[in-house]
Amino acid sequence: MNIIARTAELTGTHRTIGRQLTKYCGEQIISFMKSGEELNKADMNEIIRLLDRWCPGLNDELQGFADASSIPVSKVAYYAGTYLRPSCSQIAISAQKSANGHPILARSYEYHHDLEEFTLARTCADGKNAHIGTCVMMFGREEGINDKGLAVAMSMNTGRQIKTRGMMYWAALRSVLENCSSVDEAISFLKEMPIAYNMNMLLADHGKMALYETMDGQNAFRYASSRELSLTATNHPLLEPITEIYPYAAVHSLQRYERINAFLSNHPTVYLSQLKKFLLTPYPEGLSCIYYEDYFGTTKSVVMDIEEKTLELCWGGQEENGWNRYELSQSLTPQQREIHLTMGRGNPDIYKEQSL
């Protein structure tokens, strides 16, 4: 299957960026964003309040999109925030372990191809940290690195339904990129943020790495110790009390977690070429999956160099699409390109859960 992938350069006020998005994103996602279920007044007021507090400027961005689309802002689908179930893998590598002496944050993202936007954006909103990362719900981010040298990625940590009210991961992650300069700042920021999504978030800067987990309105976090040269996460909880709330994991999540740690153990020093090869190696030996109809197909593989503030991206996690390298310091040329996805179906047993 062939898919169109895009890059976007977003600059100016948040209202201006909202208008720009209508030009850069594909017709399918724009149509989806314009067809949201209109929230009742009480719910709308609550989500506006949350975004004003934790993602200042985003309501203006949504208003700019609504103005350019000639729809009421309450109809923008971002506000309703549908529940997503992506599967992902994350790897943070310290400067002491990487061959180039730079801290690295890498990830693969697995989901259904029809629900991936295939859009990379460099965003420079007035008064905010500039950042580069891939888009979700147009206005949110699924990973990224900012101009202060803070990199962030996420993965779902359970398939259970959300049981609390609050922010979704795409809003939380973008807000961290735009408002925080370090892992310490991000952890303090996240601890106060009401997050509804059940997630694992890896964070890394020039000197620190941390894992932050949320579930059912509770959170837990852990910094890498001075002797730890890497942190990893897939799609199950790793920290107490989160593991006590949900002590289960899908077979594929445990397999990928074990494979990642075996790769890191077998490579005392990690070269970027080795890491990118591992990301594109077919599952279960590596992290590239083709089970899109099962919501377990790799839509993107990403490697972020924190020292250089670069993001390398391979759409679909498939070698024929190639790796592209983007520098945060350089403007993105808006463009479209065709990529290819090879489709397959997985063994149903890998989606079964077992006790941790």
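Predicted, not measured: the structure shown is a model, and the values here were computed from it.
Within the model, atoms CZ of Arg325 and CG of Leu272 stand 9.0 Å from one another, a figure rounded to the nearest 0.5 Å.
Exactly one residue among Asn324, Thr7, Ile3 makes a side chain to side chain contact (heavy atoms under 4.5 Å, CB included) with Arg337. That residue is Asn324. Here the options are Asn235, Thr232, Asn261, Thr234, the test is side chain to side chain donor-acceptor pair (under 3.5 Å), and the partner is Arg256; only Asn235 passes.
Using cut-offs of 30° and 60° for the angle between ring planes, the Phe263 and His267 rings count as tilted. Ring geometry for Phe189 against Trp54 counts as perpendicular: the plane angle is over 60°, on a 0 to 90° scale with 30° as the lower cut. Using a 30° and 60° split on the angle between ring planes, His112 and Tyr295 fall in the tilted class, from 30° to 60°. Ring geometry for His236 against Tyr257 counts as perpendicular: the plane angle is over 60°, on a 0 to 90° scale with 30° as the lower cut. Ring planes of Tyr212 and Phe221: parallel class, angle under 30° (limits at 30 and 60°).
Remark: Glu293 does not engage Arg345 in a salt bridge, criterion side-chain N to carboxylate O under 4.0 Å. Comment: Glu228 does not engage Lys97 in a salt bridge, judged by the lack of any side-chain N to carboxylate O separation of less than 4.0 angstrom. Salt bridge absent: Asp147 and Lys309 never bring a charged side-chain N and a carboxylate O closer than 4.0 Å. With respect to Asp349 and Lys352, a salt bridge is recorded, a charged nitrogen being found less than 4.0 Å from a carboxylate O. Contact check on Glu142 versus Lys300 returns a salt bridge, with a Lys/Arg side-chain nitrogen under 4.0 Å from an Asp/Glu carboxylate oxygen.
Between Phe296 and Tyr283, the distance separating the two ring centers is shorter than 6.0 angstrom.
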Side-chain donor-acceptor distances from residues 123-131 under 3.5 Å, at least two apart:
unit_1, atom_1, unit_2, atom_2, d
Thr123, OG1, Arg141, NH2, 2.8
Asp126, OD2, Thr13, N, 3.4
Lys128, NZ, Asn179, OD1, 2.9
Asn129, OD1, Lys148, NZ, 2.9
Asn129, ND2, Leu177, O, 3.2
Asn129, ND2, Glu178, O, 3.4
Asn129, ND2, Cys180, O, 2.9
His131, NE2, Arg141, NE, 3.3

Decide yes or no on side chain to side chain donor-acceptor pair (under 3.5 Å) for Tyr169 and Asn198, but give the supporting numbers first.
CA-CA 8 Å; Tyr169 76 84; Asn198 302 323; over 6 Å; no

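Ile195 is connected to Tyr78 through a chain of hydrophobic side-chain contacts under 4.5 Å among Ile, Leu, Val, Met, Phe, Trp and Tyr, so both are in one cluster.
When side chains are defined from C-beta on, Leu150 does not count as touching His206, because their heavy atoms never get closer than 4.5 Å.
The two atoms that bring Ile17 and Thr11 nearest to each other are CG1-O, 3.7 Å, heavy atoms only.
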